[in-house]
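Please find one structure pasted underneath; my questions will follow.
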Number of protein chains: 2
Amino acid sequence: MFTFDQLAGFIAVAEELHFGRAAERLNMTQPPLSRQIQKLEKAVGAELLERDNRKVQLTAAGRAFLDEARRLMALASRAPVTARRIASGRSGLLRIGFTAASGFSILGPLLEEITATLPDVDIDLQELVTGEQIAGLLSGELDLGLARPPFDNEIFDSHLLYREAMVLAVPSGHPLAGLNRDITEKDLRDAPLIMHSSTQARYFYDLVVRMIPIQHSNVVHTVSQILTMVSLVAAKRGVAFVPHSATLLGVHGVEFLPLESSVNDPVELHAIWTRTITNPALALALRTLDFQEN
Amino acid sequence: MFTFDQLAGFIAVAEELHFGRAAERLNMTQPPLSRQIQKLEKAVGAELLERDNRKVQLTAAGRAFLDEARRLMALASRAPVTARRIASGRSGLLRIGFTAASGFSILGPLLEEITATLPDVDIDLQELVTGEQIAGLLSGELDLGLARPPFDNEIFDSHLLYREAMVLAVPSGHPLAGLNRDITEKDLRDAPLIMHSSTQARYFYDLVVRMIPIQHSNVVHTVSQILTMVSLVAAKRGVAFVPHSATLLGVHGVEFLPLESSVNDPVELHAIWTRTITNPALALALRTLDFQEN
DNA sequence: TAAACATGATGCCCTCCGGGTATCACTCGA
DNA sequence: TCGAGTGATACCCGGAGGGCATCATGTTTA
């Protein structure tokens with residue numbers, strides 16, 4: 001196998017067609033350059049230059065090999081640059097998981113800020129519920145999640161994106177919509193309820209149960225995604241507790257009513273990521289977004 | 001700058017994710033391999049592998065650099081192969097000049113033989129009169145010519161392709177066409193004549209003058225290309241002496257009549273090339289065509 | 001919980017590769 | 001015919017890189 005030095009030497013001689021001048025260009029003397037070319041020709045197995053004690057010219061094989069040599073040198077000089085770009089985080093891939101509701105609120109501005117500052121970072125997006133995001137982050141299939149609590153603060157670092165109110169989704173024209181006041185526990189005593197899964201959507205389930213004593217006999221559906229809930233409300237299957245950002249989903253035939261609540265804006269959305277960051281693009285993105293100091 | 005050995009080492013470690021096994025695969029011991037990778041990382045300017053005293057894994061930059069490294073190695077191993085193919089003549093470029101008439105006779109079979117034996121040799125074809133071919137061969141713009149004498153036998157080597165008769169081209173329905181015998185000098189005493197240029201088509205000019213005493217007052221046109229002559233005959237501008245292969249040009253409105261001649265088939269076509277062959281593809285083609293021994 | 005094991009990094013030695021200087025061999029032009 | 005120009009060769013020397021022995025550290029096992 002030949003070396004990059006030999007290739008550089010050959011290119012110089014091929015361009016100068018003169019060993020002395022080529023050696024000067026390479027900041028070396030002529031003899032080692034001669035031997036370099038000899039070694040290269042031996043390694044390639046073909047005569048590349050025709051030397052005539054008076055002039056030097058390329059052989060047919062030499063012309064072809066010159067092309068390849070230039071290609072090799074170009075590739076070799078580009079490779080470290082791209083590697084460094086990726087190591088520094090200015091280039092690379094960021095895999096982001098997000099919930100359906102966050103997709104309509106915070107995701108857009110967030111992506112805009114990332115792409116404006118880090119234009120060479122590719123972004124993979126996946127709509128996932130919080131549980132799937134946590135699994136993805138742990139397995140390394142995801143770099144960043146936009147998810148709800150709870151998550152293990154030993155493993156994950158996080159940044160609170162926003163808090164929002166819980167509202168009641170009802171079909172258009174529902175009697176409760178005419179009340180023009182905050183909905184209370186009593187209003188819901190006999191309403192058919194579309195409820196969050198206590199396992200898949202634990203966060204919402206717990207929140208609702210803390211806010212309002214539920215008549216479990218009223219529950220007609222148990223689902224895990226906000227979008228599914230709103231769709232079922234639109235289909236007049238019942239009413240549902242959803243975060244305020246669900247109003248942005250744009251589903252027709254649904255109205256959103258305020259709820260009487262002791263806590264202001266109890267629903268949280270966090271950006272979360274594993275504390276052991278291996279993706280430089282993530283590190284840089286977190287700094288860009290001011291989620292992390294240093 | 002890094003070396004190919006470092007690249008090969010990195011690829012091995014990246015594939016094995018284990019320094020010991022990678023070293024074994026490379027027929028070396030583990031310590032120098034470790035240092036090779038360190039040198040490579042220093043040269044690249046980025047950490048490529050994350051070592052953990054227990055396991056090895058690629059960094060984001062390492063994954064990207066692995067692609068480039070594989071590309072480099074592939075290119076580096078292909079380059080000598082193509083160079084050798086060209087040096088051996090099995091691949092490359094052959095630039096052939098030919099006269100219009102030879103294009104309709106010998107050129108086809110000749111090309112067929114070359115491409116059948118040397119399928120990877122590209123062929124450039126140019127229709128040129130003998131003088132232009134000789135200039136092209138001398139300047140190195142042409143490798144092989146299909147031309148007429150004379151040419152300098154000191155400079156050019158040659159191979160006689162064929163000899164052919166001279167015939168008289170006359171417009172269809174010309175009185176001479178009805179004679180049904182060889183045409184003699186006397187038949188042409190008053191015929192308007194389309195004659196070869198004494199400079200551009202010296203060979204034909206001399207041949208004709210040797211065969212038949214020309215009435216120079218009868219010459220109505222002086223041209224250098226056979227195809228032009230036949231076209232002018234078709235346009236009834238006169239009669240012309242052309243080689244037998246001109247019958248293959250397929251020009252309508254022209255008949256070809258035999259000439260009384262002392263010499264059988266006086267018109268020669270040669271393959272010619274400079275004695276100093278630099279194009280390996282030419283050397284191999286000449287041997288393939290049996291134009292040259294060894 | 002301590003000892004054996006596994007694995008990458010480091011220290012040291014030695015060989016060989018590659019660069020430098022001096023010189024040769026060959027050709028061309030005055 | 002001789003000197004200038006140019007690529008190849010001889011010889012020397014320093015440094016790069018490989019091998020062996022060993023260290024540092026984390027994991028497995030008894």
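Nothing here was measured: the structure is a model prediction, and the numbers come from that model. Order of the sequence lines fixes the chain letters, A, B, ..., with proteins taken first and strands second; residue numbering starts at 1 for each chain.
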B:Leu7 CG to D:dG17 P, in whole Å, measures 13 Å
A:Leu40 atom CG is separated from D:dG7 atom P, nearest whole Å, by 17 Å
Taking C:dG19, C:dT10, C:dA9 as options, the one with an atom nearest any side-chain atom of B:Arg35 is C:dT10
- Message: As a quick check of understanding, evaluate ring pair (Phe, Tyr, Trp, His ring centres under 6.0 Å) for B:His196 and B:Tyr205, giving each step before the final call.
- Response: CA-CA 5 Å; B:His196 304 85; B:Tyr205 180 87; 8.1 Å; no
note: A:Ile37, atom CD1; C:dG19, atom C1'; distance rounded to Å ~ 15 Å
Practice prompt. Could you tell me whether the side chain of A:Gln38 has a donor or acceptor atom within less than 3.5 Å of a complementary atom in the base of D:dA8?
Written response: no
Worksheet item: Does A:Ser34 have a side-chain nitrogen or oxygen under 4.0 Å from the phosphate oxygens OP1 or OP2 of D:dG7?
Response: no
Taken to the nearest whole Å, CD/B:Glu50 to P/C:dT7 is 18 Å
message = On the nucleotide C:dG18, are OP1 or OP2 found under 4.0 Å from the side-chain N or O atoms that A:Lys39 carries?
response = yes
Separation of D:dG7 atom P from A:Glu47 atom CD, nearest Å, is 15 Å
Are B:Ser34 and B:Gln30 close enough that a side-chain donor and a side-chain acceptor fall under 3.5 Å? yes
Between A:Pro31 and A:Gln6, the residue closer to the 5' end of DNA chain C by nearest nucleotide is A:Gln6
A:Phe19 has its side chain closest, among D:dG7, D:dG18, D:dG17, to D:dG7
Does a side-chain N-to-carboxylate-O contact under 4.0 Å join A:Glu141 and A:Arg95?
no
Against the side chain of A:His18, the closest entry in D:dG7, C:dT21, C:dG11 is D:dG7
Item to check | NZ/NE/NH1/NH2 to OD/OE distance under 4.0 Å, B:Glu15 and B:Arg25 | outcome: yes
- Query: When you check the phosphate oxygens OP1 and OP2 of D:dG18, does a side-chain N or O of B:Thr29 lie under 4.0 Å from one of them?
  - Reply: no
Closest of D:dA21, C:dG8, C:dG19 to the B:Arg51 side chain is C:dG8
Of all heavy-atom pairs linking B:Asp143 and B:Trp273, the shortest is O-CB, 3.6 Å
Examine C:dG19: is either OP1 or OP2 under 4.0 Å from a nitrogen or oxygen in the side chain of A:Gln36? Give yes or no.
yes
Rounded to whole Å, the CZ-P distance (B:Phe2 to D:dA16) equals 18 Å
Rounded to whole Å, the CG-C1' distance (B:Leu49 to C:dG8) equals 12 Å
Rounded to whole Å, CD of B:Glu16 lies from P of C:dT7 at a distance of 12 Å
